[in-house]
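Worksheet: the structure to be examined is printed underneath.
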Amino acid sequence: HVQLVESGGDSVQAGGSLTLSCVVSGARKSRYCVGWFRQAPGKEREGVAAIFTVGTRTYYSDSVKGRFVIFQDNVKNTVRLQMYRLETNDTAKYYCAADFGSNGYCYIDLSTQYTAWGQGTQVTVS
């Protein structure tokens, strides 16, 4: 039984920083993709970042590149998303998801490849 739990969402002023965490439990593989996706009310879900748990491949959407950093913490089942220079357009509910079928490449533009999802954590930038 795979579970993903996000945490760290909060309200923050524009220009501020926030770090989200995703803890994966029940995974039967040590190498897989963890992606971060966000969805604002009335808008499509958007992939923002992903990492292959080897840690040598990361991916970012153009909208967050240079502002967000995804990395695997020393705790191997925890992936964090550090967000800097937050903008009001970053306001959304953020979800982490896992693609256990990856052999080393992650695709943030194809959310259907991610089969396990967390319940989300709200980020509000004002």
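Predicted model only: the values in this text are computed from it and were never measured.
Here the side chain of T91 pairs a donor or acceptor atom with the backbone of V125 at under 3.5 angstrom. Looking at E6, its side chain does come within 3.5 Å of a backbone N or O of G120 through a donor-acceptor pair. A donor-acceptor distance shorter than 3.5 angstrom exists from the side chain of N77 to the backbone of V24, with no hydrogens or angles considered. Under a 3.5 Å cut-off, the side chain of R80 and the backbone N or O of D73 do not form any donor-acceptor pair.
Two residues are said to be in side-chain contact when any heavy atoms from C-beta on lie closer than 4.5 Å; Y59 and Y107 fail this criterion. At a threshold of 4.5 Å between non-hydrogen side-chain atoms, the residues V69 and Y60 count as touching. Within the 4.5 Å cutoff, no side-chain heavy atoms of S7 are placed close to those of T121.
Checked by atom type, the side-chain pair R31/T53 shows no donor-acceptor distance below 3.5 Å.
Annotation for A92 and R38: closest pair CB-CB, 3.7 Å, computed over non-hydrogen atoms. Heavy-atom minimum distance, S17 versus Y84: OG-CD2, 3.4 Å. The two atoms that bring S61 and E46 nearest to each other are OG-OE2, 4.1 Å, heavy atoms only. Listed here is the closest heavy atom pair of V2 and G26: CG2-O, 3.6 Å. Of all heavy-atom pairs between T115 and W117, the closest is C-CD1, 4.0 Å. Across R67 and R85, no two heavy atoms sit closer than the pair NH1-O, 3.0 Å.
Residues V23 and V123 are members of separate hydrophobic clusters, defined by side-chain heavy-atom contacts under 4.5 angstrom among Ile, Leu, Val, Met, Phe, Trp and Tyr. Residues F37 and V64 are members of separate hydrophobic clusters, defined by side-chain heavy-atom contacts under 4.5 angstrom among Ile, Leu, Val, Met, Phe, Trp and Tyr. W36 and Y95 fall into different hydrophobic clusters, where Ile, Leu, Val, Met, Phe, Trp and Tyr side chains are chained together by heavy-atom contacts under 4.5 Å. Hydrophobic clustering, with ILVMFWY side chains joined whenever heavy atoms are under 4.5 angstrom apart, keeps I108 apart from L81. By the criterion of side-chain heavy atoms lying less than 4.5 angstrom apart, applied directly or through intervening Ile, Leu, Val, Met, Phe, Trp or Tyr residues, L110 is not grouped with V34; the two fall into different hydrophobic clusters.
From F52, atom CZ reaches atom CG of N103 across 7.0 Å, with rounding to the nearest 0.5 Å. A distance of 12.5 Å separates OG1 of T58 from CD of Q72, quoted to the nearest 0.5 Å. M83 CE to L20 CG: the interatomic distance, rounded to the nearest 0.5 Å, is 3.5 Å.
Here the options are S102, C106, C96, the test is side-chain contact (heavy atoms from CB on, under 4.5 Å), and the partner is Y114; only C106 passes.
When the shell of 6.0 Å around CD of Q119 is examined, it contains 12 or fewer heavy atoms from other residues, nucleotides or ligands. Taking a 6.0 Å sphere around CZ of F71, one finds it holds more than 12 heavy atoms contributed by other residues, nucleotides or ligands.
Between F68 and Y94, the ring-plane angle classifies as tilted under the 30° and 60° cut-offs.
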Evaluate ring-ring contact (aromatic ring centres under 6.0 Å, His included) for F100 paired with Y32, printing each intermediate quantity in order.
CA-CA 5 Å; F100 295 107; Y32 51 89; 4.9 Å; yes

